[in-house]
Asker: 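Below: one structure in structure tokens.
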Amino acid sequence: VAPTDERDAKLRAFGEVPDAAQRDAALARDFLEGDDTGFAMLVRRHERSVLALVRRYADDEDAAQDLAQRAFLKAFEVVRRRRWFSFRGPLPFRAWLLRIAVNLGKNHARDVRRWRRAPVEEAETAAPVACVGAAALEREEQARAIRAAVIGLPRRQREVLTLRIDAELPFADIANVLGTTENAAKVSFHQAVKRLRELMAGGEE
Amino acid sequence: MKRCVEIEPLLYRRVADALTAEEIARVDAHLAACAACREESARILDVLDMARTRPFSGRPRVAPLAGPSDMAAATLSRWKHRQRRRATAIALAAGAAAVAAAASLALMPGIHAPARERSHPPAPAAEGWEPDVDGAWDAAGVLELEPGADLAAADDELFSLETNEQ
């Protein structure tokens with residue numbers, strides 16, 4: 001059995017599908033039947049979360065909008081390819097979409113670094129800084145370092161952390177999106193925060 | 001200040017919503033009495049705050065599209081553009097495959113020959129013409145024996161040719 005099928009089976013094993021997921025599945029079916037309204041409504045329902053996720057990896061709002069649109073396009077492509085399997089359960093559109101958004105953002109950041117030979121965070125450094133005190137500047141430097149470290153976290157920790165603090169998902173939803181358990185998501189979050197705190201403590205020494 | 005090693009893991013579990021009600025009460029009671037752990041707790045929350053993305057200061061350079069949701073309209077437009085490109089690519093690929101198939105059919109001698117026969121019917125035999133049987137055999141080369149070849153095998157080959165001609 002393919003890993004994706006295993007994950008899908010696990011998603012369905014959560015039992016009762018929430019209303020929101022059922023609504024997504026209905027809209028995805030509408031889209032597959034050629035209804036543009038289904039497409040547009042799915043975008044509207046999830047654009048806030050997707051934008052919040054991809055902003056971390058984007059230099060500006062234009063890049064974030066582009067990344068978000070690409071995440072939606074990929075998700076719809078997955079829906080179209082998987083339509084023949086929809087009889088096995090509702091299409092977990094949001095799970096696919098958010099997983100795509102997190103990893104598309106990461107890939108984008110990697111590609112940008114490759115081409116520019118400079119980290120994405122350089123763009124933030126270049127942004128004009130208002131007249132602020134030394135303490136505020138130091139804190140901003142620290143924040144940049146931490147945001148850069150988030151991108152460099154191990155994949156699962158990064159996924160969980162960003163789904164939690166960017167998309168503001170509850171851990172149960174994060175588990176759904178990543179096809180894992182709520183407890184495992186919490187452990188990954190714990191490890192990610194601990195790692196970032198250690199980085200911060202190292203900077204303070 | 002020295003932090004309390006038994007409480008520190010609970011501080012991380014607290015931000016991960018992984019504490020029981022009993023543990024939350026225990027941590028709260030400890031923090032009320034321990035300045036070092038209070039400071040550490042504040043720093044953990046601070047790390048999370050700093051890890052959050054900041055909103056971009058500038059507005060998008062792309063002019064917003066009409067409609068209730070710019071993102072929805074723009075994404076739908078990109079989707080349709082992709083679908084058109086995809087349909088064109090499929091049509092081109094199908095056309096190229098058809099041309100390739102036609103070309104390979106035209107180049108296959110077994111299939112091409114009957115077509116030529118149909119388009120060019122054989123000329124009526126000239127008076128006194130006789131088929132060059134020996135020449136045909138020579139051209140076929142089936143009777144040319146390799147040095148040391150088995151004559152019986154050559155005969156079998158010849159027999160099979162005759163059988164096929166009937």
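Chain letters run A, B, ... following the sequence lines, proteins first and then strands; every chain starts at 1. When reading the values below, keep in mind they use all heavy atoms of this one structure, side chains included, and skip hydrogens, waters and symmetry mates. Computed from a predicted model, the values in this text were never measured in an experiment.
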Asker: With no hydrogens and no angle check, is any side-chain donor or acceptor of R56(A) less than 3.5 Å from a backbone partner on A51(B)?
Answerer: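 Yes.
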
Asker: Is there a side-chain contact between W79(B) and D36(A), using heavy atoms and a 4.5 Å cut-off?
Answerer: no

Asker: Count the heavy-atom pairs under 4.5 Å between each of V187(A), V50(A), V193(A), V150(A) and chain B, then report the option with the highest count.
Answerer: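 The option with the most such pairs is V193(A).
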
Asker: Identify which of L73(A), V160(A), I146(A) forms the greatest number of heavy-atom pairs closer than 4.5 Å to chain B.
Answerer: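 If we count pairs closer than 4.5 Å to chain B, L73(A) comes out on top.
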
Asker: By a 4.5 Å heavy-atom criterion (distance strictly below it), what part of F76(A) contacts chain B: side chain, backbone, both, or neither?
Answerer: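 Its backbone and side chain both get close to chain B.
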
Asker: Is it the backbone or the side chain of A64(A) that comes under 4.5 Å from a heavy atom of chain B, or both, or neither?
Answerer: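 Just the side chain, heavy atoms under 4.5 Å.
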
Asker: Nearest 0.5 Å, what's the CZ-CZ distance between F72(A) and R78(B)?
Answerer: 12.0 Å

Asker: Within the 4.5 Å heavy-atom criterion, are R13(B) and K186(A) side-chain neighbours or not?
Answerer: no

Asker: So which residue, I165(A), L51(A), T162(A), L42(A), ends up with the most heavy-atom pairs under 4.5 Å with chain B?
Answerer: I165(A)

Asker: For the pair M200(A) and M50(B), evaluate side chain to side chain contact (heavy atoms under 4.5 Å, CB included) and give the outcome as yes or no after the intermediate values.
Answerer: CA-CA 10 Å; M200(A) 187 184 176; M50(B) 286 195 280; 3.4 Å; yes

Asker: Please report the C-alpha distance between R80(A) and Q83(B) in whole Å, then the side-chain angles of each, then the deciding distance to 0.1 Å, and finally whether the side chain to side chain contact (heavy atoms under 4.5 Å, CB included) criterion is met.
Answerer: CA-CA 12 Å; R80(A) 200 179 58 175; Q83(B) 297 313 302; 2.4 Å; yes

Asker: Side chain, backbone, both or neither: which part of Q191(A) has a heavy atom under 4.5 Å from chain B?
Answerer: neither

Asker: Indicate the atoms forming the closest heavy-atom contact of R52(B) with R147(A), along with that distance.
Answerer: O-CD, 3.4 Å

Asker: Could you check whether D17(B) pairs with R164(A) (Lys NZ or Arg NE/NH1/NH2 to Asp/Glu carboxylate O, under 4.0 Å)?
Answerer: yes

Asker: Rounded at 0.5 Å granularity, tell me how far OG1 in T53(B) sits from CZ in R55(A).
Answerer: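 Answer for the OG1-CZ pair, T53(B) versus R55(A), is 7.5 Å.
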
Asker: How would you list all residue pairs meeting ring pair (Phe, Tyr, Trp, His ring centres under 6.0 Å) that involve residues 134-158 of chain A, not counting sequence neighbours?
Answerer: none

Asker: Does the pair V47(B) and L199(A) meet the rule for a side chain to side chain contact (heavy atoms under 4.5 Å, CB included), with working shown?
Answerer: CA-CA 10 Å; V47(B) 164; L199(A) 175 90; over 6 Å; no

Asker: At a 4.5 Å cut-off on heavy atoms, which part of R14(B) comes close to chain A: side chain, backbone, both, or neither?
Answerer: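 Answer is neither: R14(B) stays 4.5 Å or more from chain A.
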
Asker: With sequence neighbours left out, which residue pairs that include part of residues 4-27 of chain B fulfil the ring pair (Phe, Tyr, Trp, His ring centres under 6.0 Å) condition?
Answerer: H190(A)-Y12(B)

Asker: If you apply the rule side chain to side chain contact (heavy atoms under 4.5 Å, CB included), what do you find for L76(B) with V43(A), and how did you get there?
Answerer: CA-CA 9 Å; L76(B) 185 57; V43(A) 174; over 6 Å; no

Asker: Check this for me: does any side-chain nitrogen of one of E40(B) and R197(A) sit under 4.0 Å from a carboxylate oxygen of the other?
Answerer: yes

Asker: When you check the gap from the basic side-chain N to the acidic O, do D46(B) and R139(A) get nearer than 4.0 Å?
Answerer: yes

